[in-house]
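Taking it in order: structure first as structure tokens, then the write-up.
Labels below follow one simple rule: chain letters A, B, ... track the order of the sequence lines, proteins then strands, and each chain is numbered from 1. Just so we're clear, the structure is a prediction, and the values are computed from it rather than from any experiment.
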Amino acid sequence: MSYDPQDLEAEWRERWADSGRYEADPDGRDGDESTFVTVPYPYPSGGMHIGHARTYTVPDVYARYRRQQGDNVLFPIGWHVTGTPIVGAVERLKKGEEDQLSVLRDTYNVPEDTLQDLETPMGFARHFIEEHYKKGMRQLGLSIDWRREFTTNDERYSKFIAWQYETLRDRGLLEKGLHPVNYCTNEEQPVTTHDLLEGEDAEFQEYTVVKFSDGDTVYPMATLRPETVRGVTNAYVDPDAEYVRAAVDVSEHRSDGTEADSEEWIVSAEAVEKLELQARDVEVRETIPGSDLVGRHVTNPVTDEELPVVPAGFVDTDNATGVVMSVPAHSPDDWVALEEVKADADALAEYGVDPDEIRAIEPRAILTIEGYGEFPAKDAVEEHGVESASDPALEAATQELYNREFHGGELIEAYGEYAGRVIEDVRDELEAQYRERGDFDSMYDFAEEVVCRCGGEVEVSKQETWFLRYNDSEWREKTKRAISNLDAIPENTREQYDHTVDWLEEWPCIRNYGLGTRLPWDDEFVIEPLSDSTIYMSYYTIAHRIDDVPVEDLTREFFDTLLLGEGSEAPRASEASSGDGTEPREVDERALELREEFDYWYPVDYRCSGNDLISNHLTFFLSHHAELFEESKWPRGITVMGMGLLEGQKMSSSKGHVVLPDEAISEYGADTVRFYLLNSSEPWQDYDWRAEEVGTTRDQLERFWNRAVEIIERAEESSAEGASGQRPRDEPAGGRNLEQADRWLLAKLQETVREVTESMERFETRAASQTAFYRFEEHLKWYRRRTDLDRAGARWTLRTVLETRLRLLAPFVPFAANELHERLTGEPAEDVPWPEPVPEFDDRTVVAEERLIETLVADVRDIVDVTDADPETIRVYAAAEWKGEVFDTVVSEGPNQGAVMGTVMQDEELREHGNAVNDLVGDLVSFVRERDDETLETLAAIDERAVYESAADFLAREFDADVEVYAEDEDPIDPAGKAKHAQPFRPAIHLE
RNA sequence: GCGAGGGUAGCCAAGCGGCCAACGGCGGCGGACUCAAGAUCCGCUCUCGUAGGAGUUCAAGGGUUCGAUUCCCUUCCCUCGCACCA
């Protein structure tokens with residue numbers, strides 16, 4: 001019966017499927033005995049890899065554990081298809097993009113003749129659902145109730161999401177507004193980062209626009225450092241570029257509402273489109289060459305100073321407004337530019353600029369910062385040895401100075417109420433104040449070029465969007481309460497949820513295209529993926545039964561009844577009466593029936609999800625539950641999971657750097673894959689798939705299997721003998737004839753049961769499986785050395801140990817554990833209860849005694865090694881009785897040298913031992929200090945000499961020598977005078 | 001920068017005030033078994049050591065303590081998240 005996981009696992013898969021073993025329905029067990037675990041539904045925009053395997057195995061192990069604990073356990077799965085990735089993948093496939101084809105063909109082994117089935121979004125999704133995820137999950141042995149699966153594109157699911165969003169809107173948690181998005185000017189639609197060819201990492205920034213003016217004409221100058229407004233010495237324009245004078249709508253950007261809602265702005269030609277995309281009406285009145293602007297004077301809206309407009313070739317007219325302000329005191333760029341302009345001032349005469357005016361420009365400091373002089377930009381330029389505007393060192397100088405000024409710069413007196421404060425703390429406040437007054441405005445732009453896959457230029461556009469108001473204070477309060485109610489695993493994630501709640505503002509919850517549910521009141525929009533996956537766990541509870549209800553009956557009232565219990569107190573449709581004048585609402589009986597099941601399973605006991613999802617999905621999950629459901633339905637726990645590596649590297653399906661579960665399972669078997677994934681780190685830690693170690697794990701399981709089979713076969717022999725009346729299979733306790741080693745192993749077993757159970761309760765799958773498997777293997781190693789395994793007592797012990805361990809390991813390696821357990825007892829491990837510690841087998845004394853023997857063996861070996869001797873005779877001397885008395889005194893007096901000596905010296909007999917007593921007390925004091933009371937008590941009761949005598953045969957075997965055990969004070973044979981070194985629990989040893 | 005988590009022997013990784021030179025796995029070395037290989041079993045794997053010992057270690061530096069890998073402070077380094085991406 002060799003270990004053949006393929007056959008064995010196939011049989012169990014079939015058995016589970018045929019019997020519907022994991023289909024969970026409400027039964028006699030009440031709510032406390034039901035457990036509902038979930039994991040984020042997979043997003044089938046590609047195949048399943050080994051990282052997914054772990055994600056889904058973590059909840060499976062817990063589910064299996066709870067089942068053995070007697071719970072009715074529901075572990076469902078569904079499929080998330082909402083949004084653009086699947087649509088995008090199909091587009092790329094249809095266009096025949098090589099990268100995409102290679103991922104499909106080479107990484108995920110899609111057969112050539114199947115490719116065309118993937119050319120519709122749901123066809124694509126279906127392929128990966130059926131051929132990858134479901135197959136993989138079944139192969140892994142996940143205990144899923146398959147009747148409840150659904151996709152987020154199903155019409156009934158959409159009804160459910162529509163209910164959610166209509167309810168949120170009614171509660172005022174949805175709001176319409178403008179929001180900046182990436183927008184392709186060629187396709188004229190918003191695009192996601194997936195759609196970008198260039199600038200994928202680019203983030204748009206909100207620039208402050210400082211409204212310098214010349215009469216009624218505004219020169220809007222974009223900056224990221226609005227606080228430098230008092231340090232501006234001049235403006236720059238590109239004399240060779242084209243500018244426009246245009247009427248720009250500013251109505252949205254005024255708060256007082258008294259002023260004109262349109263202003264005349266001078267901006268670069270490129271800026272016109274940007275402003276229009278950002279929801280402004282722009283009417284171009286006139287085109288002006290940049291050179292015409294040069295030499296004009298503009299007024300600083302904050303200081304009322306007049307400043308010259310200076311020409312500069314470095315001005316990028318494609319960035320923001322194309323008009324920039326110069327702050328030479330604090331910007332190394334501007335410092336260098338000003339130097340160069342001054343040096344070449346005479347050349348400006350051609351623009352009609354007075355060179356003397358330029359030469360007279362003086363930098364103006366607006367903040368002070370430690371470590372720099374009056375003009376920090378000057379120091380920075382010098383420190384970095386910047387030579388010219390094209391010097392690469394300039395960028396480093398700029399970065400460094402910006403950073404330091406932001407965190408350490410203090411504003412000067414001229415800033416009034418902001419004087420003396422650090423930029424970091426006042427920038428936003430200051431900016432808002434000037435904006436309020438109409439001196440500042442804002443616009444978005446990228447810092448670099450961003451190009452769409454279609455080749456079109458991507459700009460920032462403000463689009464009308466619906467937002468979820470996560471910043472609503474009442475909502476935040478509820479969510480916080482949900483967080484404090486939560487069992488957050490590991491505990492330190494709780495803080496992160498709280499932090500996320502404070503940080504979340506408004507979340508745009510719709511998109512212009514993609515799969516999913518249409519916004520119920522505006523079907524132009526689709527509810528985006530992170531927003532249609534917040535309460536779907538509730539949908540699992542009824543997913544397999546709601547199909548019986550026609551879609552058109554799934555009204556808001558239906559879900560109000562089903563999910564909120566509204567009307568469940570009211571008379572049912574059949575018995576509705578209108579006797580009191582008001583028409584009672586008709587309650588849908590079907591909804592009430594479904595509600596019973598919802599009520600039975602809900603809330604979610606544990607949700608297992610990636611730690612990277614704390615800052616969005618998991619917090620949304622908590623928020624929506626807190627808002628929509630009553631407190632008793634809020635999530636009980638969340639376990640977060642770490643990231644996976646493959647041979648120390650990030651997995652990447654595009655590079656083909658992935659392992660598919662199917663391949664791993666064919667090579668090693670599902671139990672090995674599961675065991676490796678769960679045993680190599682705790683769920684929330686990162687893990688690394690290393691083929692070599694997976695192979696070793698398989699070897700370990702195989703060895704375990706072989707040993708187990710041996711025990712089972714022996715048990716069968718015994719029972720055969722039992723059948724013929726010679727030896728009953730289950731001997732009564734009195735007839736077991738257990739020896740010291742048996743009792744020790746059984747005591748260790750009880751420790752193991754306790755530790756594993758505690759670990760499982762905390763989702764510590766690594767600690768649990770290490771304890772049940774590897775650590776117990778160590779105990780067995782010792783046991784095999786210590787005793788004769790052919791004894792009846794040993795057989796009984798090994799059988800008992802095996803049975804218990806199989807039950808402890810069943811959640812991790814369900815195939816092998818169930819099989820072996822069934823062969824051993826007739827029942828699969830999953831059908832019998834989780835082991836309980838048996839107090840009868842707890843035995844601190846025997847554990848302590850074995851520990852003494854272990855130490856003795858180690859000490860003897862140590863001496864053998866260091867002396868390179870091969871002893872004929874080993875003499876062991878247990879400490880004299882008076883030493884035991886000293887030990888007792890140390891225990892009763894406590895580990896205090898002085899106090900102990902005081903007591904000991906009153907004993908005349910002990911006093912006779914003189915200095916030896918003093919030394920001994922010193923050693924015993926530290927011995928006692930290092931141990932707890934219980935251990936000391938146990939030790940004190942042990943007859944050391946008897947322990948060593950009982951181990952003499954064992955020692956003799958280990959070292960192939962004669963073993964003699966003496967008491968130090970009973971006149972031992974002591975040729976080398978070693979006996980006197982004996983101490984309590986540290987016998988003296990002599991080798992000869 | 002902000003928030004979270006880390007840095008332990010050749011590698012992975014546990015420990016989180018004394019039982020710690022520090023669990024376990026991998027790798028390496030030696031031995032048993034074997035014709036041989038593999039598997040399995042035993043021992044060793046920081047340095048020194050002809051008696052169970054001593055010395056130096058748990059990113060670096062400082063502190064608290066009778067005692068710190070474990071607690072506190074500072075510094076350096078690494079990973080993850082930071083929004084419209086699932």
For [X], which contact category applies under a 4.0 Å heavy-atom criterion: base, sugar-phosphate, or nothing?
| X | answer |
| --- | --- |
| A:H990 | base |
| A:A858 | nothing |
| A:P508 | base |
| A:D859 | base |
| A:E778 | sugar-phosphate |
| A:P987 | base |

For A:R766 and A:S681, does a side-chain donor sit closer than 3.5 Å to a side-chain acceptor? no
For every nucleotide of nucleotides 11-16 of chain B, 5' to 3': is a protein heavy atom under 4.0 Å from its base (B), only from its sugar-phosphate (S), or from neither (-)? -SSS--
Angle between ring planes, A:F985 versus A:F927, binned at 30° and 60°: parallel, tilted or perpendicular? parallel
Side-chain N or O of A:R784 closer than 4.0 Å to phosphate OP1/OP2 of B:C41: no
Output the single nucleotide from B:A51, B:C42, B:G53 whose closest atom is nearest the side chain of A:R986. B:G53
Upstream residue (5' side of RNA chain B) when A:P529 and A:Q770 are each assigned their closest nucleotide: A:Q770
